[in-house]
Undergrad: 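One structure, pasted below without further comment.
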Amino acid sequence: MGARPPLNRSLAEFGTTIFAEMSALALKTGSINLGQGFPDTDGPADIAEAAVRAIREGKGNQYPPGPGVPELRTAVAEHQQRFYGLPYDPDTEVLVTAGATEAIAAAMLALLEPGDEVIAFEPFYDSYAACIAMAGAIRVPLTLRAPSFRPDLDALRAAVTPRTRLLLLNSPHNPTGMVLTRDELAAIAELAVERDLLVVTDEVYEHLVYDDAEHIPLVSFPGMRDRTVSISSAGKTFSFTGWKVGWVTASAPLVAAVRTAKQFLTYVSSGPFQYAMAEALRLPDSYYTGLRDNLRRKRDILSAGLTEAGFELFRPAGTYFITTDITPFGEKDGLAFCRTLPERCGVVAIPNAVFYDDPDAGRSQVRFAFCKQDKVLQEAAARLQRW
Ligand SMILES: *Cc1c(COP(=O)(O)O)cnc(C)c1O
């Protein structure tokens, strides 16, 4: 091999994700892993059974149709109608993907030209920067700042240039738990229409909103129907993150564009799981409210524990993460803190700094996931307090 490194230049800045490092550390030290956001109990047993049944009945064991099985596309369209009053044609306006992750990648590869600018909230979900880079585009961060993490709409307006092609928005927002309000969404929609921008919305936490917060899809605002690609997935809503079933809803031309990129990434995935997810989406309202109530309780358990342990805490209105600040301990560097926390007290967390371009904005912030069994959260809280 010559002097040229194997990894191409656009990906050179992306090493191993922090989740791999921290999960390995959790394993090595036998720590409680509140780093990566996956539930430690599986989703509904009936839905797992539906996947087994699909395999036994020979449904989805061979390549399913490229856009997804009709049963799931219909269920996704029904879900958008049921929760948001949004009509979509299951044949032309719904696309099934390998989780939201593939939907985001396919949307970036399909909709962007090299040199296009993409505005996204930072802290970013970790795949955004890489997907924007793979498309040859340029990320423009809009920094969400503690304690409220509300977006600065004047700064957003100022960030739009003639090269801006797309807004990539995540609400409810991981890792801060910020949920965009109706007024903020209306202002963003107005700007998108005025500047003729596409918008890709990552709504994987759509059902995890608490207290007075409400999830309103940006696509429901005037002028947005034909410029918005909405993305969600089964992982967070149904606690089956390993199944990797996601979906896109958008106008037919936008779905066709995203499908063009998607067909050369995975082509198709998760055949039998698609049938099970069609059943999951049709679960009664009690499932959805139960999930939310359960996670709200877990949020409160971990919040109390973290406050007691001395963390400054930013109360999340959505998602299953709590962002904290470690300044009260006289510490400033979240990354160093998270690297030593497992040794110190047997708990793993994630430094928010890795989700920022601005090195100072999130330096002292640390994220904990609360999608864990109550007894695990209580034990984690006890360990943090002892230390
Ligand atoms: C978990 C997560 C995803 C990825 O979803 P998958 O369906 O597992 O691919 C995308 N965006 C955000 C903000 C997430 O937290």
Side-chain angles (χ1 to χ4, degrees), residues 17-19 22 34-38 100 104 119-129 139-153 155-156 159 167-185 187-188 200-216 218 231-232 235-236 292 295-296 298-300 302-303 306-307 311-328 332-335 337-338 349-371:
T17 81
I18 190 73
F19 300 107
M22 289 300 161
L34 302 186
Q36 201 163 13
F38 61 88
I104 294 160
I119 301 176
F121 297 142
E122 76 167 352
F124 306 101
Y125 178 65
D126 73 334
S127 82
Y128 291 3
R139 66 175 183 272
V140 176
L142 182 73
T143 307
L144 304 179
R145 292 181 196 281
S148 76
F149 297 110
R150 305 237 65 87
D152 177 340
L153 296 172
L156 174 61
L167 308 178
L168 172 53
L169 300 180
N170 172 218
S171 175
H173 182 259
N174 170 9
T176 66
M178 183 275 296
V179 179
L180 291 172
T181 64
R182 186 179 294 277
D183 288 347
E184 286 164 346
L185 289 160
I188 292 168
V200 174
T201 60
D202 177 345
E203 305 179 39
V204 299
Y205 296 101
E206 60 186 317
H207 290 289
L208 303 185
V209 289
Y210 314 114
D211 310 329
D212 299 330
E214 185 190 2
H215 175 68
I216 311 168
L218 185 61
I231 293 173
S232 193
K236 313 296 161 55
R292 178 177 315 177
L295 280 163
R296 187 200 303 114
K298 291 179 187 299
R299 177 196 65 175
D300 294 343
L302 188 60
S303 296
L306 290 168
T307 305
F311 289 85
E312 185 188 353
L313 190 137
F314 310 110
R315 193 177 172 79
T319 77
Y320 46 49
F321 303 107
I322 298 176
T323 288
T324 64
D325 197 292
I326 57 172
T327 320
K332 284 193 183 64
D333 184 342
L335 182 58
F337 181 86
C338 287
I350 295 288
N352 281 17
V354 300
F355 307 127
Y356 285 88
D357 283 339
D358 178 345
D360 291 325
R363 198 187 293 283
S364 58
Q365 292 166 18
V366 167
R367 186 193 86 172
F368 294 86
F370 57 82
C371 47

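It should be emphasised that the depicted structure is a prediction, and the values quoted were computed from it without experimental measurement.
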Undergrad: State which residues pass side chain to side chain contact (heavy atoms under 4.5 Å, CB included) with A349; sequence neighbours excluded, sorted by chain then number.
TA: C338, L341, V366, F368
Undergrad: From the options L180, L156, L169, select the one residue that forms a side chain to side chain contact (heavy atoms under 4.5 Å, CB included) with P151.
TA: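 Single pass found, and it is L180.
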Undergrad: Supply the atom-to-atom distance I188 CD1 to I119 CD1, rounded to the nearest 0.5 angstrom.
TA: 10.5 Å
Undergrad: Between the main-chain N or O of L144 and the side-chain N or O of R150, is there a donor-acceptor pair closer than 3.5 Å?
TA: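 Side chain of R150 to backbone of L144: no pair is present.
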Undergrad: Do the side chains of H207 and R292 get nearer than 4.5 Å, heavy atoms only?
TA: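 Side-chain contact under 4.5 Å: yes.
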Undergrad: Using the test side chain to side chain contact (heavy atoms under 4.5 Å, CB included), find all partners of T143 that sit at least two apart in sequence or belong to another chain.
TA: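 So T143 forms a side chain to side chain contact (heavy atoms under 4.5 Å, CB included) with E122, R145, Y356, A361.
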Undergrad: Between L302 and A369, which heavy-atom pair has the shortest distance, and what is it?
TA: CD2-O, 3.9 Å
Undergrad: Taking C-beta and beyond as the side chain, do C371 and K298 meet within less than 4.5 Å on heavy atoms?
TA: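 Side chain of C371 against side chain of K298, heavy atoms only: no contact under 4.5 Å found.
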Undergrad: What salt bridge (Lys or Arg N to Asp or Glu O under 4.0 Å) pairs are there with at least one residue in residues 168-183, not counting sequence neighbours?
TA: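 As it turns out, the salt bridge (Lys or Arg N to Asp or Glu O under 4.0 Å) pairs with a partner in residues 168-183, which skip direct neighbours, are R182-E214.
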Undergrad: About how many Å separate OG1 of T323 and NE2 of H173, when rounded to the nearest 0.5 Å?
TA: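 Going from NE2 on H173 over to OG1 on T323, the span is 9.0 Å.
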Undergrad: I'd like to check Y210 versus L295 (side-chain heavy atoms, cut-off strictly below 4.5 Å). Are they in contact?
TA: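 Contact flag for Y210/L295 side chains = yes.
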Undergrad: Nearest 0.5 Å please: distance from the NZ atom of K236 over to the CZ atom of F38.
TA: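 The distance works out to 12.0 Å.
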Undergrad: How close do L335 and D333 get, heavy atom to heavy atom, and via which atoms?
TA: N-OD1, 3.0 Å
Undergrad: Show me, pair by pair, the donor-acceptor contacts under 3.5 angstrom made by side chains of residues 311-322, not counting sequence neighbours?
TA:
from	atom 1	to	atom 2	distance (Å)
T319	OG1	F321	N	3.2
Y320	OH	G37	O	2.9

Undergrad: Keeping N170 on the side-chain end and P172 on the backbone end, is there a donor-acceptor pair under 3.5 Å?
TA: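 Confirmed, N170 side chain pairs with P172 backbone.
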Undergrad: Could you walk me through whether F370 and D300 pass the side-chain contact (heavy atoms from CB on, under 4.5 Å) test, one step at a time?
TA: CA-CA 9 Å; F370 57 82; D300 294 343; over 6 Å; no
Undergrad: According to side chain to side chain contact (heavy atoms under 4.5 Å, CB included), who are the partners of S232, at least two apart in sequence or on a separate chain?
TA: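 Checked S232 against side chain to side chain contact (heavy atoms under 4.5 Å, CB included); matches are E206, W247.
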Undergrad: Output yes when a side-chain donor or acceptor of T201 lies under 3.5 Å from a complementary backbone atom of E203, and no otherwise.
TA: no
Undergrad: With distance as the sole test, does T176 use its side chain to make a donor-acceptor pair with the main-chain N or O of F149 at under 3.5 Å?
TA: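 Judged by distance alone, no pair lies under 3.5 Å.
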Undergrad: For R363, what residues pass the side chain to side chain contact (heavy atoms under 4.5 Å, CB included) criterion, not counting sequence neighbours?
TA: P359, D360
Undergrad: Between CZ of R296 and CG of D211, what distance do you get to the nearest 0.5 Å?
TA: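 Reported value, rounded in 0.5 Å steps: 6.5 Å.
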Undergrad: Under a 4.5 Å cut-off applied to non-hydrogen side-chain atoms, are Y125 and V204 in contact?
TA: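 Contact flag for Y125/V204 side chains = no.
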Undergrad: Over all heavy atoms of both residues, which pair between F19 and G35 is shortest? Give the atoms and the distance, please.
TA: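 Here F19 and G35 meet closest at CE2-O, 4.5 Å.
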Undergrad: Going from CG on N174 to CZ on F121, what distance comes out if it is rounded to the nearest 0.5 angstrom?
TA: 13.0 Å
Undergrad: Got a second to check how far I104's CD1 is from L168's CG, nearest 0.5 Å?
TA: 6.5 Å
Undergrad: Does a side-chain heavy-atom distance below 4.5 Å link D126 with F355?
TA: yes
Undergrad: Can a donor-acceptor pair be found, under 3.5 Å and without considering hydrogens, that links the side chain of E184 to the backbone of T181?
TA: yes
